[in-house]
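For reference, the structure discussed in these notes is given below.
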Amino acid sequence: MLLIRNIGELILFETEAAPMLNTAGLRRITDAYVTIEDGRIVALGADADCVALEWFDVVDAGGGCVVPGLVDFHTHTVFAGTREHEFVMRIEGRSYAEVAEAGGGIRTTVKSVREASEDELVALALPRLARMLSYGVTTVEIKSGYGLSVDGELKMLRAAKRLGELQPIEIVGTYLAAHTVPAEFSDRREAYLDLVCSDELMGTVVDEGLAEFCDVFTERTAFSIDESRRVLLAGKERGLIPRLHADQITQIGASRLAAEVGAMSADHLETIDDGGIEAMKAAGVVGGLLPGCSWYLGVEQAPARKMIDAGLPVALATDFNPGSSVVESLPLCMNIACTQMKMTPAECLIGATANAAAAINRGGRLGAIREGMQADLVILDVPNLERWMYEAGRNCVRTVIKNGVVVHDCDGTGIGD
Ligand SMILES: [Zn+2]
């Protein structure tokens with residue numbers, strides 16, 4: 001039995017609804033305790049009411065705030081190579097076409113991933129995940145999409161699956177072969193889509209249990225609505241839950257397609273319109289917001305306030321990738337959502353926990369502190385949620401507990417200062 005005492009502010013979600021539409025279900029208990037048994041939260045309340053038996057393992061929270069483990073539900077954490085050259089070109093004002101001509105863009109990463117072995121992909125991702133854990137992230141979704149071939153896609157997803165066995169963060173796999181059309185198929189789009197939906201590739205992903213979701217980059221420069229529908233429905237037929245990269249650069253109806261195919265989330269949404277918001281809301285699709293990406297690219301953020309006020313539940317993720325969001329820190333993305341999207345700290349916490357868990361089909365088990373939920377908890381070195389969001393860019397995480405076990409602890413001594 002693990003007992004956490006001396007919690008300055010314990011944040012619980014009293015509602016079992018996931019995703020949460022607003023902050024009404026969020027409750028704070030000051031001077032609180034939590035007890036954990038067999039990986040589950042079994043009791044919580046005011047510290048004064050806590051009965052501590054002598055065989056309990058006790059963790060002193062030191063007056064820090066305790067929040068649910070964060071869920072980064074949209075990442076591209078498995079990759080090889082870096083693209084700082086492209087980063088500088090963008091600062092200098094070069095266009096997307098110029099960057100691509102100079103060898104930049106997603107195809108650079110595809111080349112690096114194809115050249116890397118599965119072992120190398122695992123070795124490159126492990127320290128990234130260790131840093132994410134240190135930021136309080138206890139569940140991470142990882143997409144394929146830089147292999148764009150049978151070998152490349154399976155290698156990425158097998159690496160992601162192994163990562164789940166090698167370190168404490170729970171890993172969720174997503175099949176994203178429809179990320180872009182690889183160069184060798186550039187004049188044979190149909191043939192590439194045939195491959196994406198084939199027994200050899202999509203079938204193997206399902207047979208080996210490498211992914212739970214099928215994702216498509218639906219965009220004028222990537223895949224059309226019809227092409228996306230074909231891939232998502234083929235995935236659905238094989239048991240892969242649809243999700244989309246939608247409405248990022250241009251508005252071609254991707255959020256409406258997300259509603260039509262019953263996607264669990266549609267992510268990006270920088271150019272979503274009223275019709276898209278209504279369609280997603282009616283179909284129960286979570287609005288996935290990636291504030292780190294627009295921040296990194298220096299472009300307009302998605303209209304988060306409009307979505308929340310319209311009653312569309314939103315979730316927050318890093319979109320961590322080597323091109324458009326080289327941002328591992330979900331708390332930093334939450335801070336960006338506060339300052340640039342005008343989401344409150346409470347809305348950001350819900351977005352990065354309960355709603356993020358709902359976006360990857362784990363709403364009943366992860367993303368909330370409540371009796372019976374899996375004990376994924378983060379002890380902060382600050383006394384309340386607002387102070388955490390207020391301290392932009394500093395790692396305020398002291399201790400991380402995954403499934404009832406302390407998996408990261410820095411004794412509150414200056415981590416990330
Ligand atoms: Zn993405």
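In listed order, ligands and their atoms are each counted from 1. Remember, predicted model here, so these are calculated numbers, not experimental data.
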Measuring from the Zn ion (ligand 1), name the closest N, O or S atom belonging to D319.
-> OD1
CZ/F87: more than 12 non-hydrogen atoms of other groups inside 6.0 Å | no
Is H245 close enough to the Zn ion (ligand 1) to have an N, O or S atom under 2.8 Å?
-> yes
From H76, does some N, O or S atom reach closer than 2.8 Å to the Zn ion (ligand 1)?
-> yes
Side-chain donor or acceptor of T180 paired with backbone N/O of A222 under 3.5 Å | no
May I ask you to say whether D274 pairs ionically with K306, meaning some side-chain N is under 4.0 Å from a carboxylate O?
-> yes
Electrostatic pair E118-K161, nearest N-O below 4.0 angstrom | no
